[in-house]
Amino acid sequence: MIVKGARVLDGSANAMMKGKGTEDDRPWQSYHTVYTTAKAGMELVDKEKVQRVVYEMSKGSKYFQNEERKEAFIKQKIDNLRIQCANLTQEDLAHYQKVADRRIVELEASRDLSRIWLHVDMDAFYAAVETLSNPTLKGKPMAVGSMSMLSTANYEARKFGVRAAMPGFIARKLCPELIFVPTDFKKYTYYSDLTRKVFGRYDPNFIAGSLDEAYLDITEVCRERNVKSEEIAQELRAGVYEETGLTCSAGVAPNRLLAKVCSDINKPNGQYVLPNDRMAVMTFVSSLPIRKIGGIGKVTEHILKGVFGINTCEQMLEKSSYICAFFSQSTADFFCSVGLGLGQTDSPQVRFRKSISSERTFSATKDEVLLHKKLEELAEMLSADMQKEGLSGRTLTLKLKTASFEVRTRAVTLQKYISSSEDILKHAKKLLQAELPISVRLIGLRVSQFNGDKCSAKSDPTQKTITNFITSGDVNRNCSSFPDVADHDFVSNAETDMSIDSRQTGQLDWRDPFDGNYLSDVDYQSCTVQKSDGVEEVQTSSNDATSSHYSGLTEVLGSTSYLGQVEGINVKNGSNLLEDERLDSCCQEKTMLWLNDYKCSLCGIELPPSFVEERLEHSDFHLAEKLQKEESSIHQKSVPSQSKGQKDGVTRQSKSKKQKLSQKEGSYTPIDYFFVKK
DNA sequence: ATACATACC
DNA sequence: CACTGGTATGTAT
């Protein structure tokens, strides 16, 4: 099942060389945008021509230059990873092979074929709705959106290569006859509600994604009525058409991740059923391109293909040793589960919105009066949206996109919760002020850390998950259940308020319940529960806060700490567990640093024994970190004003050190590990 | 906690 | 002329 070793690299190397040769002759081939990937209804499109037009229209623009910059980073990342790949010894590979095989067995054991999931996706939704209200559009190429951006295009337009997320002016070049229709969310929401009434007949707890898609657990309907899933899908689609006059496509599969893939197969106005059978699933994923999987986008596809030669889901398993060597456990778990065709099967708990934001693009300016005005308008829009939902939060994030398309975010977390436009503006101004002078083309404001968000332990579903996990000790179940729903609601309207609260949807994700997030939640909880003066301390006194509601935080942390050493969870968890004693002893005895020959006992990072220099540097890093901590704790409290300078100095040193490490080391988690910042 | 990046529609 | 907007989440510091 598992392919070992060096062959892999040879293959990719050849592919790379070939790609390079053609690049000079046909430069457009290297310019990849999200909308040049084929979508349903675009099979007959002359992709070469589309790419050329897109390239010609973009070439030289500020946007294009920024894309080139990003592409260059990714290329470098890939190159570095390939070098690291080549540096792995046979012993390293054997080790990671074992790790991978064990994970795959565990993931396989978690497979659940008992549920039947249906994913329903409206066909060219916005465009179809607009055609309903204006039938003269029927049969003509048409797109919803503006000259700067399209939301969707109908199938006639797609024949020309016109696609959602494509700028309108490029679309017009591809299809001069293209009719532009402005977006009208009220209309889409109205029709969306009609479709959801139909969905509710089959699963009252269906998960609404955006306006045009939903996940239904049809296990019960199939059983109660003794009908095949195929017939349910057929009937549901007919029902939607009856109620709305709109067509949709459906996918049926044992889990949500696969159901989503399936709904795309016979689009438009079609359906595909993948039976609840292990062999059927394995066959299905064996040839499935990884890009079809929700959560694997342009960048991840490039990396997996460029570094490991992975194109299909099956190859995720074939290259699992490399995957386990180079990615965090949660990421590796996700990739491996993709190879196994696993996905979420549970009926999701209720989740709440975590942030609310508002942003606007305008012609780039550095006029501070103008920028201030934009900021004021945003603060008012955001505040209005927040009042509508009764939200207030304590973290405010300012987002800026410079004239050169570089994105910056600046955030503050406040003592008190804010929601008024005055409060928002007051703090937003300060954030903006610090960035001036600057020429920007977009400003955005986001508020998060809501009042009553994570504070109330009872209503927090993740809390329950952790508790269940700890008490049951069931590792597999938790590790293998990935939220696979793409959640997006690019509407900010009142109509969907209910659905925001009731829908589930995690997003992509290669995250499992016990990587950093969950622990952060616990930590955070202990902080906020007892925050009274805004002085938040993470410490053992948090027991007081948690013991009241359940068995106690120490138990959670204790268990985690155990797992942290045994399983190596991830760097972040490991560093949470840092203790000076351990640090001391480990720095004194470097031989003790590497557990099992691979794992750093301090942070959990894995580094093969053959990476001698890297290991030394890694030890130095911990030493530097320790020194930095000591420095800042000495200076911070006694002389606050000086401590900042001191701390900055130390931070900078340590940062450059880490960057150096980043380029050479890189055994473990990060996709971005070799990402060299300028 | 903050910054940045990726992903989804 | 000219490349969105809203939300979630992963990774690193």
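Just so it is clear: chains get the letters A, B, ... in the order the sequence lines come, proteins before strands, and each one is counted from 1.
- The cationic group of A/R158 lies under 6.0 Å from the six-membered ring centre of A/Y155 and within 45° of the ring axis, placing it in a cation-pi geometry.
- Aromatic ring orientation, A/H32 versus A/H302: tilted (interplanar angle from 30° to 60°).
- The side chain of A/S210 contributes no N or O atom lying less than 4.0 Å from OP1 or OP2 of C/dG6.
- Between A/T300 and B/dT6 there is no side-chain N or O to OP1 or OP2 distance below 4.0 Å.
- Among the protein residues, A/I356 comes within range of the sugar-phosphate backbone only, with heavy atoms under 4.0 Å from sugar or phosphate atoms but none that close to a base.
- Of the candidate nucleotides C/dT7, B/dT6, B/dC9, C/dT7 has the atom lying nearest to any side-chain atom of A/R353.
- Among the nucleotides C/dT4, C/dG6, C/dT9, the one closest to the side chain of A/K354 is C/dT9.
- Note on A/R446: every side-chain N or O is 4.0 Å or more away from OP1 and OP2 of B/dA3.
- For A/I74, taking side-chain heavy atoms from C-beta onward, the closest of the listed nucleotides B/dC4, C/dC3, B/dT6 is B/dT6.
- Listed candidates were C/dG5, B/dC4, C/dT4. Nearest to the side chain of A/L442 is C/dG5.
- Listed nucleotides C/dG5, B/dC9, B/dA3 differ in distance to A/A411; the shortest reach to its side chain belongs to B/dA3.
- Using a 4.0 Å cut-off, some side-chain N or O of A/T409 falls inside it from OP1 or OP2 of B/dC4.
- Proximity of A/S328 to the phosphate of C/dT11: a side-chain N or O atom is located under 4.0 Å from OP1 or OP2.
- Note on A/S146: every side-chain N or O is 4.0 Å or more away from OP1 and OP2 of C/dT4.
- Comparing B/dA7 with C/dT4, their C1' atoms sit 15 Å apart, to the nearest whole Å.
- Under 3.5 Å, the side chains of A/S192 and A/D212 contain no donor-acceptor pair of N or O atoms.
- Among the nucleotides C/dT4, C/dG5, B/dC8, the one closest to the side chain of A/A165 is C/dT4.
- Ring orientation note: the planes of A/F405 and A/Y63 are nearly perpendicular, at an angle over 60° on the 30°/60° scale.
- Contact annotation: A/T395 side-chain N/O to B/dA1 OP1/OP2 distance is not under 4.0 Å.
- In terms of phosphate contacts, A/R441 brings no side-chain nitrogen or oxygen within less than 4.0 Å of OP1 or OP2 of C/dA2.
- Of the side-chain N and O atoms in A/K77, one or more sit less than 4.0 angstrom from OP1 or OP2 of B/dT6.
- A/L398 comes within 4.0 angstrom of nothing in the nucleic acid, heavy atoms only.
- In this structure, of C/dA8, C/dT4, C/dT11, it is C/dT11 that holds the atom nearest to the side chain of A/T331.
- As judged by a 4.0 angstrom heavy-atom cut-off over every strand, A/K298 is placed among residues touching the sugar-phosphate backbone only.
- Between B/dC4, C/dT7, C/dC3, one nucleotide has an atom nearer to the side chain of A/R408 than all others, and that is B/dC4.
- In this structure, the ring of A/F334 has its center no less than 6.0 angstrom from the ring center of A/F327.
- Residue A/T413 places its side chain closer to B/dT2 than to any other of B/dT2, C/dC3, B/dT6.
- Contact annotation: the side chain of A/V307 never approaches that of A/K77 to less than 4.5 Å [non-hydrogen atoms, C-beta and beyond].
- Put simply, CD1 on A/I443 is 12 Å from P on C/dG5, counting in whole angstrom units.
- When heavy atoms are screened at a 4.0 angstrom cut-off, A/S358 is found touching the sugar-phosphate backbone but no base atom.
- Note on A/R172: every side-chain N or O is 4.0 Å or more away from OP1 and OP2 of C/dA2.
- The side chain of A/S61 lies closest to C/dC3 when the candidates are C/dC3, B/dT6, C/dG5.
- Checking A/S355 against A/K401, the closest nucleotide of DNA chain C that is more toward the 5' end is the one next to A/K401.
- A/V447 places a side-chain heavy atom less than 4.5 Å from the side chain of A/M386.
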